[in-house]
Amino acid sequence: MLLSMVIAALLWAWQEGQNRRIADPSPPGTSEKKIEEGGQKMTEEGELKFSSAPGYFVEPLALELSSEDGEIRYTEDGSEPDESSLLYEGPIKIEDTVVIRARVIHRDGAMGPVHTSAYWAGEKHQLPIVSVTAEPEELWSPQTGILRLSNGAKGGDRDDKRIAGYFQWYEPDGTLRYEAGAGIRVVGGESREMPQKSIALYAKKKYGPKRFEYPFFPDAADDRYDKLVLRNGGQDFARTHMLDGLVGLLLKETEIDVQYYRPVVVYVNGEYYGMANLRDKISDKFLERRHNVKADKLDLLESSGTVKEGSREAFDTLMEQVEQLRLGQSRDYSSLERKIDVDNLFDYMIAELFIANEDWPDHNIRYWRPQGQEGKWRWIFYDADLSFLQADYPAAERIMSNKMSKYPSIRLFQVLMQEPSLRERFLRRFAFRLEDTFSVERVQSVIREAGKELAPEMPRHAERWTDSVDRWEAAVTELELFAEQRTGYILEELRRVFDMTSAEWETFGFADVEKKLQ
């Protein structure tokens, strides 16, 4: 109820200011034809020169533009300049944050490429900045703009339209390091109800490069991306704004694939749009980069077998075998183990159970395999927005219930727990994870570090979305309290649900975990 009230208040405040979002938009123009795939922005752009490099400034700037190839037209609202845009006749006085887009109109009427430079006034951000520019009307129009409040709101419509745009990456010191044309679209399900929308950036030849190539995520093994998402925190928007990324950080040393995470500051057409969680996309390319497999030679499914890539034929065969084991018509668990990555599945189940994800397993399950006889099924972790809510949430009892057996991944797990050696293997692994990955000290430490990264920016973000820093700090404290209490509750539940004897409790390692809590 409290979360709903907070979201409702934010939506009202956002609507009050929405009419100010469109300021004299220029007519839609043509997207840039040629975009460099990387490299540092220079003050000289071939035919067009900027006297000041983009980035932070303290004293007002007198920006000079020069070209020997024709007249210069420019805009300050994010739109692409054309022959009807402002004519450059002298230095442009820059006192506030603004995005200047300029191009040369040649003497024969031909238009040169658009050059974009953002200038940031005031206090520096401590996070990277992603500056997104596109036609204002396509972004903010109350009827058709993709960032309009009604896009995905209850009682409203859902607009998946993709528009042409441009984005730039500024490191925390204000230096522009990467820029590219991109397709821009609002993404998300229920998270679209939030006033701040999640924005996806698509690498497509029609907009710019085929891939974005830059080390956006320092820990990534590969720096090529087909899609990036500026996520609004999802259903965690009005809570901590970092929970899904935080859980991913907790799982880095496990056998589970997680999306990369990095908090950033977002500007849209020079307007501050708050913080977002930069994420990569779960896709065939995501798996190709991480596992050295071919994107067109894998099966990627979600939920109860919905095909995202490849086919579900191998999974259907697997589930037929699971059913035979469930009914006692087979005892060949070794054959089943050859088709799934058991450690991956166990780590995945342990993670979901520990965080007490209330939006799972009926949602948010994806799994994949490399095609071929040796390909094993693995599970991918994503969307922890509705976790860390109730420390006493009966997650283990829920997934071992008959009601949950209708979901294939859970039915598979339940069948594996019928085999004593696999049950022991799972429980030993659970005890190890509780003592290591999910120890109270480690979980609280990761929470504090993630919160510390957001804290300097939170006052401005909270002001932008009519939120409260005090509320946010209280929500982060609640995460730490959950971490302090969760292990005790999950131990009690595991002992009951898996009917462990005193000897098993000691042998599997749970007694040691319990002692450390005392």
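From a predicted model like this one, the values you see are computed outputs, not experimental measurements. Residue indices begin at 1 and follow the sequence shown.
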Quick one: do Val446 and Val443 satisfy side chain to side chain contact (heavy atoms under 4.5 Å, CB included)? Show the steps, please.
CA-CA 5 Å; Val446 173; Val443 176; 6.0 Å; no
For Tyr272 and Trp465, what are the C-alpha separation, side-chain angles and deciding distance, and is it a ring pair (Phe, Tyr, Trp, His ring centres under 6.0 Å)?
CA-CA 11 Å; Tyr272 180 76; Trp465 300 112; 8.5 Å; no
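Under the 6.0 Å cut-off for aromatic ring centres, Tyr367 and Tyr348 do not qualify, their centroids lying 6.0 Å or more apart. Separation of the His363 and Tyr382 ring centroids does not fall under the 6.0 Å cut-off. Here the two rings, on Phe212 and Trp169, have centers that are 6.0 Å apart or farther. Between Phe217 and Tyr225, the ring centre distance stays below 6.0 Å. Between Trp472 and His461, the distance from one ring center to the other does not fall under 6.0 angstrom.
Side-chain contact check for Asp470 and Ser468: no donor-acceptor pair (N or O, by modelled atom type) lies under 3.5 Å. Counting only N and O atoms by type, the side chains of Ser198 and Asn232 include a donor and acceptor under 3.5 Å apart. Counted by atom type alone, Glu47 and His106 present one or more donor-acceptor pairs between their side chains at under 3.5 Å.
Looking at residues two or more places apart in sequence or on another chain, you find a salt bridge (Lys or Arg N to Asp or Glu O under 4.0 Å) between Arg289 and Asp226.
The pair Asp219-Lys252 meets the salt-bridge criterion, with a side-chain N (NZ, NE, NH1 or NH2) lying under 4.0 Å from an Asp/Glu carboxylate O.
Looking at heavy atoms from C-beta onward, Leu250 lies out of side-chain contact with Phe381 at the 4.5 angstrom threshold.
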